[in-house]
Asker: 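Got a structure for you, written out below as structure tokens; questions coming shortly.
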Amino acid sequence: VNIILLGPPGAGKGTQARRLVEGRGMVQLSTGDMLREARSSGTEMGKRVAEVMDRGELVTDEIVIGLIREKLAENGNGFIFDGFPRTLAQADALSALLDEVGQNLDAVIEMRVDDAALVRRITGRFTCGNCGEVYHDETKPTQKPGVCDVCGSTDLRRRADDNEESLRTRLLEYYKKTSPLIGYYYAKDKLSHVDGLGEIGDVAKSIAEIVDR
Ligand code: AP5
Ligand code: ZN
């Protein structure tokens with residue numbers, strides 16, 4: 001099963017993708033994570049995209065499509081596209097790439113969360129630099145302060161783009177460039193939605209129902 005998790009910054013795409021990886025052995029393809037990896041490894045591409053990301057703008061279609069293309073060979077138990085596609089050009093490119101590797105897109109799951117909640121989620125977020133677990137100051141704190149529950153690492157980080165100003169830009173980019181994908185996938189008869197405002201476990205259940213359909 002290949003699915004897209006679609007939603008604004010902070011909707012919970014990464015959190016839910018990780019659960020699907022653990023529970024079902026699906027492969028998470030997060031272009032945000034790939035770009036952050038490129039930044040921290042200091043590649044030429046990483047340096048070029050760092051400023052764009054910190055401002056909260058989208059990097060070019062060419063770069064992200066290239067990143068996804070490289071990963072489609074490693075198929076496991078299906079792909080979870082997290083944060084990709086984000087433009088109509090990326091959506092068209094994805095359908096061509098899936099065709100090339102003989103794969104289908106099964107569902108696009110729109111995660112609906114209201115804008116005020118997004119600001120709270122993003123400004124309270126931190127992640128484990130070692131294993132990638134996602135936390136929140138209020139809704140999902142670590143059990144021991146400063147220590148990752150999953151791997152015990154003390155390398156807990158906040159993202160450079162998780163401030164209110166960059167978040168405004170990310171939201172604007174979402175409404176201008178990404179939200180048209182909702183209509184696009186509705187027209188292709190792929191769209192479902194879940195209420196992303198509930199507890200993490202409840203949102204996971206709603207997503208599982210769609211994946212198992
Ligand atoms: P990316 O890394 O994709 O960031 P994003 O889309 O802004 O999404 P986030 O990671 O911020 O949010 P999320 O929905 O994954 O939420 P999370 O699960 O962490 O992209 C970053 C940048 O890279 C972009 O701005 C752009 O520059 C570039 N980029 C990436 N892909 C690109 C592309 N395709 N094209 C062009 N540019 C691209 O949850 C958020 C918080 O809420 C956490 O603290 C979590 O613990 C908490 N939380 C989650 N679910 C719940 C819940 N149900 N209840 C309470 N709290 C919850
Ligand atoms: Zn960890």
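Computed over heavy atoms, backbone and side chain alike; hydrogens, waters and symmetry mates excluded. Atoms within a ligand are numbered from 1 in the order they appear, just like the ligands themselves. All of these numbers come straight from a predicted model, not from anything done at the bench.
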Asker: Report yes if R86 has an N/O atom closer than 3.5 Å to an N/O atom of ligand 1; otherwise report no.
Answerer: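 Yes; the residue has a nitrogen or oxygen that sits under 3.5 Å from a nitrogen or oxygen of the ligand.
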Asker: A11 versus ligand 1: do any nitrogen or oxygen atoms come within less than 3.5 Å of each other?
Answerer: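 Yes, since at least one N or O of A11 sits under 3.5 Å from an N or O of ligand 1.
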Asker: Non-hydrogen atoms of G7 versus ligand 1: any pair closer than 4.0 Å?
Answerer: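 For ligand 1, residue contact (heavy atoms, under 4.0 Å) with G7 is absent.
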Asker: Report yes if some heavy atom in the side chain of I3 is under 4.5 Å from a heavy atom in the side chain of V108; otherwise report no.
Answerer: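 No - every pair of side-chain heavy atoms lies 4.5 Å or more apart.
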Asker: Should we say atom CG of D189 is surrounded by more than 12 heavy atoms from elsewhere, each under 6.0 Å from it?
Answerer: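 Counting neighbours around CG of D189, 12 or fewer heavy atoms of other residues, nucleotides or ligands fall under 6.0 Å, so no.
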Asker: Would you mind checking which non-hydrogen protein atom is closest to atom 26 (C) of ligand 1, with the distance to 0.1 Å?
Answerer: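 Its nearest protein heavy-atom neighbour is E57 O, 3.4 Å.
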Asker: Side chains of R112 and V194: does their closest heavy-atom pair fall under 4.5 Å?
Answerer: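 R112 does not reach V194 side chain to side chain.
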Asker: Please classify the T139 to ligand 1 contact at 4.0 Å (heavy-atom distances, strictly less than): side chain, backbone, both or neither.
Answerer: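 Contact part for T139 vs ligand 1: side chain (C-beta onward).
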Asker: Would S30 count as a contact residue for ligand 1, given that I'm defining contact as a non-hydrogen atom of the residue lying under 4.0 Å from a ligand atom?
Answerer: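 Outside the 4.0 Å threshold, so no.
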Asker: Quick check: does G12 get an N/O under 3.5 Å from an N/O on ligand 1?
Answerer: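 Yes, G12 has an N/O under 3.5 Å of an N/O on ligand 1.
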Asker: Please assess R121 against D162 for the test salt bridge (charged side-chain N to carboxylate O under 4.0 Å, His left out), listing each intermediate value before the final yes or no.
Answerer: CA-CA 10 Å; R121 285 195 183 178; D162 277 353; over 6 Å; no
Asker: Which atoms of ligand 1 have any heavy atom of I122 under 4.0 Å away?
Answerer: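 Ligand 1 atoms under the 4.0 Å threshold to I122: 11 (O).
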Asker: Quick test: of every protein heavy atom, which one is nearest to atom 7 (O) of ligand 1, and how far off is it to 0.1 Å?
Answerer: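 For atom 7 (O) of ligand 1, the nearest protein heavy atom is R170 NH2, 2.9 Å.
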Asker: Is the number of heavy atoms from other residues, nucleotides or ligands within 6.0 Å of CD (E22) greater than 12?
Answerer: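 It does: E22 CD has more than 12 such atoms within range.
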Asker: What residue among R158, R120, R125 forms salt bridge (charged side-chain N to carboxylate O under 4.0 Å, His left out) with D137?
Answerer: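 The passing option is R158.
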Asker: Can K205 and E209 be counted as an ion pair, charged N to O under 4.0 angstrom?
Answerer: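 No, this pair does not count.
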Asker: Tell me: protein heavy atom nearest atom 48 (N) of ligand 1, and distance?
Answerer: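 Here the nearest protein heavy atom works out to R121 CD, 4.0 Å.
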Asker: Say whether R159 and ligand 1 are in contact under the criterion: heavy-atom distance to a ligand atom below 4.0 Å.
Answerer: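 For ligand 1, residue contact (heavy atoms, under 4.0 Å) with R159 is present.
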Asker: Just to verify, which of N163, L167, D161 counts as forming a side-chain contact (heavy atoms from CB on, under 4.5 Å) with I122?
Answerer: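 Running side-chain contact (heavy atoms from CB on, under 4.5 Å) over N163, L167, D161 with I122 returns exactly one hit, L167.
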Asker: Hey, which atoms in ligand 1 end up nearer than 4.0 Å to a heavy atom of Y135?
Answerer: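 In order of numbering, the contacting atoms are 43 (C), 44 (O), 46 (O).
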Asker: Could you tell me the residue and atom name of the protein heavy atom closest to atom 18 (O) of ligand 1, and the distance to it rounded to 0.1 Å?
Answerer: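 That would be T15 OG1, 2.6 Å.
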Asker: Short N/O distance, under 3.5 Å, between Q90 and ligand 1?
Answerer: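 Indeed, backbone or side chain, Q90 has an N or O that close.
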Asker: Among all the protein's non-hydrogen atoms, which is closest to atom 13 (P) of ligand 1, and how far away is it?
Answerer: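 Heavy-atom neighbour on the protein nearest atom 13 (P) of ligand 1: K13 N, 3.5 Å.
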Asker: Can you confirm, on distance only, whether ligand 1 has an N/O atom lying under 3.5 Å from any N/O atom belonging to L58?
Answerer: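 Not met; the criterion fails.
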Asker: What distance do Y135 atom OH and C128 atom SG have between them, rounded to the nearest 0.5 Å?
Answerer: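 Atom-to-atom, Y135:OH and C128:SG are 6.5 Å apart.
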Asker: Do any N/O atoms on G83 end up under 3.5 angstrom from N/O atoms on ligand 1?
Answerer: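 Right, the criterion is met.
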Asker: In ligand 1, which numbered atoms sit nearer than 4.0 Å to a non-hydrogen atom of R36?
Answerer: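 Here the atoms of ligand 1 in question are 2 (O), 21 (C).
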Asker: Distance under 6.0 Å and angle within 45° of the ring axis: does K190 meet both against Y185?
Answerer: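 Not flagged: K190 not positioned over aromatic ring of Y185.
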Asker: At a 4.0 Å cut-off, with the gap strictly under it, does some heavy atom of R18 reach an atom of ligand 1?
Answerer: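 No; R18 lies far enough from ligand 1 that no heavy-atom distance drops under 4.0 Å.
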Asker: Touching ligand 1 at all, G124? Heavy atoms, strictly under 4.0 Å?
Answerer: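 For ligand 1, residue contact (heavy atoms, under 4.0 Å) with G124 is absent.
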Asker: Short list, please: which atoms of ligand 1 are under 4.0 Å from a heavy atom of V134?
Answerer: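 Heavy-atom distances to V134 below 4.0 Å select 19 (O), 43 (C), 45 (C), 46 (O).
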Asker: Give yes if a backbone or side-chain nitrogen or oxygen of D33 is under 3.5 Å from a nitrogen or oxygen of ligand 1, and no if not.
Answerer: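 Such a contact does not occur with ligand 1.
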Asker: Return yes or no for this condition: an N or O of D161 is under 3.5 Å from an N or O of ligand 1.
Answerer: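 No, D161 has no N/O under 3.5 Å of an N/O on ligand 1.
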Asker: In the protein, what heavy atom is nearest to atom 28 (C) of ligand 1, and what distance, to one decimal place, separates them?
Answerer: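 The closest heavy atom on the protein side is L35 CD1, 3.6 Å.
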Asker: I'd like to know if the side chain of D115 pairs up with that of Y175 as donor and acceptor (distance under 3.5 Å, no hydrogens or angles considered).
Answerer: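 A donor-acceptor contact under 3.5 Å links the two side chains.
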Asker: So do D212 and R24 actually touch side chain to side chain, heavy atoms under 4.5 Å?
Answerer: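 A side-chain contact under 4.5 Å exists here.
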Asker: Using a 3.5 Å cut-off on N or O atoms only, is G14 in polar contact with ligand 1?
Answerer: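 The answer is yes, given that G14 and ligand 1 share an N or O pair closer than 3.5 Å.
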Asker: How about Q103: does its CD atom have over 12 heavy atoms from other parts shown lying under 6.0 Å from it?
Answerer: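 More than 12 heavy atoms, drawn from other residues, nucleotides or ligands, come within 6.0 Å of this atom.
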Asker: Return yes or no for this condition: an N or O of G10 is under 3.5 Å from an N or O of ligand 1.
Answerer: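 Right, the criterion is met.
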Asker: Are the side chains of I65 and I63 in touch, meaning some heavy atoms are under 4.5 Å apart?
Answerer: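 Side-chain contact under 4.5 Å: no.
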Asker: Is the shortest heavy-atom distance from the side chain of E173 to the side chain of R168 under 4.5 Å?
Answerer: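 They are not in side-chain contact.
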